[in-house]
There are 2 protein chains.
Amino acid sequence: MSDDHESTLGRIETEVALLMRFGEATRRATGTAEHRVLDRAAYVILRHLADAGPQNVSALAARLNLDGSTVTRQVSALQRDGLITRTPDPSDGRGTVISPTPAGLQRMAAVQAARTRLYGDMLADWSPEDRSTLAALLGRLNQALINRNRPR
Amino acid sequence: MSDDHESTLGRIETEVALLMRFGEATRRATGTAEHRVLDRAAYVILRHLADAGPQNVSALAARLNLDGSTVTRQVSALQRDGLITRTPDPSDGRGTVISPTPAGLQRMAAVQAARTRLYGDMLADWSPEDRSTLAALLGRLNQALINRNRPR
DNA sequence: GATAAGTACCTGCATAATACAGCTAATTGA
DNA sequence: TCAATTAGCTGTATTATGCAGGTACTTATC
């Protein structure tokens, strides 16, 4: 347990906490008017549906660390706005499969593009190496978080 | 605007969004019982008081990207629990200076240590270089966020 | 194949953090 | 002196979330 380790971990902890604050503030500031539907988890849901294909509520909830009821409500809102469709699961009468609609994918892509543009602006003076290093390390950090939350 | 840039930025955007979700889930899971006081902004408030010294509500709100009323309530809760003290600002009769109490600093340090330990566990198999690189890049990312929010 | 146990989803509540609007008191500037 | 500004507080609404309970369906056991 060297001082180096401690201080580096402390810095990581600090920076992550700060990043959270900024992320929340940004989400609040940007998501007020038009696409309020994509607040919070909704964007991540559409994102995951686009990435991993249609799936049911439970799978989404497990993947996104959310309660099933929360996902149910998010999905209902998304359906109300025509961004996803619910179809009965042919292999399980209890379940419903959630699929993104073209409009949903479009909306998601628009938000994604806006966010990506935002990062592009902010990181305009970063070297490509630093950018891809950040992406890689964040990916590893998230993987570590996943492994911790799901020791399986 | 090469494809490399786009995809790297996209990855950063993805990973940050995921990190947010995990952070919220973790906070919810850990902060339930005992030190619920340090939920959300409260921890960051104590943290900032410890780092930057006693200051008034407005300064905290500006620094933490929060509404003044939110900070007022957080500070009230912290005072109720004996973690900060309010003293009249000698140089401005309207203001009150918020100072951490020893108990507050202790509580903050305990949470900080727990979080740091958590990161230590998760990043146990990371090389010291990768850790410090992550810390540095997160710091630069936050700085970029600060610069964007306060173009000043 | 009948019944018990488990699962998927939904709904009704409660909670927690937050913002906004409006208020009072104090400061500052003309 | 008085208008404009600022610091902080309080009332109200919003929003995302979890938990508890209910219903319909599935799976396993005998």
Side-chain angles (χ1 to χ4, degrees), chain A residues 17 20-33 35-45 54-81 84-98, chain B residues 17 20-45 54-81 84-99:
Chain A
M20 300 279 179
R21 293 262 89 240
F22 274 114
E24 286 196 29
T26 301
R27 180 182 51 73
R28 261 171 219 283
T30 52
T32 33
H35 33 55
R36 256 188 42 242
V37 200
L38 293 192
D39 269 8
R40 255 185 210 281
Y43 171 64
V44 192
I45 288 177
Q55 54 200 283
N56 61 26
V57 174
S58 304
L60 281 172
R63 175 70 164 174
L64 306 176
N65 275 301
L66 288 172
D67 191 79
S69 64
T70 300
V71 175
T72 292
R73 277 178 259 264
Q74 293 276 1
V75 162
S76 297
L78 290 169
Q79 184 182 33
R80 168 174 45 75
D81 296 328
I84 60 99
T85 56
R86 281 181 167 108
T87 54
D89 188 337
S91 70
D92 188 336
R94 298 165 298 179
T96 58
V97 177
I98 315 299
Chain B
M20 301 278 178
R21 291 260 91 241
F22 274 115
E24 286 197 30
T26 300
R27 182 181 51 74
R28 262 172 218 284
T30 51
T32 32
E34 308 169 37
H35 34 55
R36 257 188 41 242
V37 200
L38 293 192
D39 269 6
R40 252 183 212 284
Y43 172 64
V44 192
I45 288 176
Q55 55 199 282
N56 60 25
V57 173
S58 303
L60 281 172
R63 174 69 165 179
L64 306 177
N65 275 301
L66 287 172
D67 191 81
S69 65
T70 300
V71 175
T72 292
R73 276 179 256 264
Q74 292 277 0
V75 163
S76 298
L78 289 169
Q79 185 182 33
R80 168 174 44 76
D81 296 328
I84 60 97
T85 56
R86 283 178 165 109
T87 54
D89 188 336
S91 71
D92 187 337
R94 298 166 298 180
T96 58
V97 177
I98 315 299
S99 311

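A note on names: the letters A, B, ... follow the listed sequences, proteins ahead of strands, and every chain is numbered from 1.
Closest to the Ser58(B) side chain, of the nucleotides dC9(C), dA7(D), dA8(C), is dA7(D). Out of dG8(D), dA16(D), dA7(D), the shortest distance to the side chain of Thr96(B) is found at dG8(D). The side chain of Leu66(A) has dG18(D) as its nearest neighbour among dT10(D), dA19(C), dG18(D).
Closest of all the heavy-atom pairs between Thr72(A) and Arg86(A) is O-NH2, 3.6 Å. Residues Ser99(B) and Pro54(B) come closest through the heavy atom pair OG-CB, 3.4 Å. Across every non-hydrogen atom of Leu78(A) and Ala42(A), the tightest pair is CD2-CB, 4.1 Å. Closest approach of Val71(B) and Leu60(B) over heavy atoms only: CG1-CB, 4.0 Å.
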Between protein and nucleotides 20-24 of chain C, what N or O pairs are separated by less than 3.5 Å?
residue : atom : partner  : partner atom : Å
dC20(C) : N4   : Ser69(B) : OG           : 2.7

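In this structure, the CG atom of Asn56(A) is 16 Å from the P atom of dC25(D), given to the nearest Å. In this structure, CG of Leu78(A) is placed 15 Å from P of dC9(C), rounded to the nearest angstrom.
At the heavy-atom level, Gly95(A) lies under 4.0 Å from the strands shown only through sugar-phosphate atoms.
A side-chain contact (heavy atoms from CB on, under 4.5 Å) with Val75(A) is found for one member of Thr70(A), Ile98(A), Thr96(A) and no other, namely Ile98(A).
Contacts with DNA chain D (heavy atom under 4.0 Å) in residues 84-92 of chain B: Arg86(B), listed by number.
Note that the CD atom of Gln55(A) and the CD1 atom of Ile45(A) stand 10.0 Å from one another [nearest 0.5 Å].
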Fill in: Pairing string, 5' to 3', for DNA chain D - Watson-Crick or wobble contacts under 3.5 Å, brackets [ ] where pairs cross, | to another strand
||||||||||||||||||||||||||||||
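Between Asp67(B) and Ser69(B), the side chains place a donor N or O and an acceptor N or O closer than 3.5 Å (distance only, hydrogens not considered).
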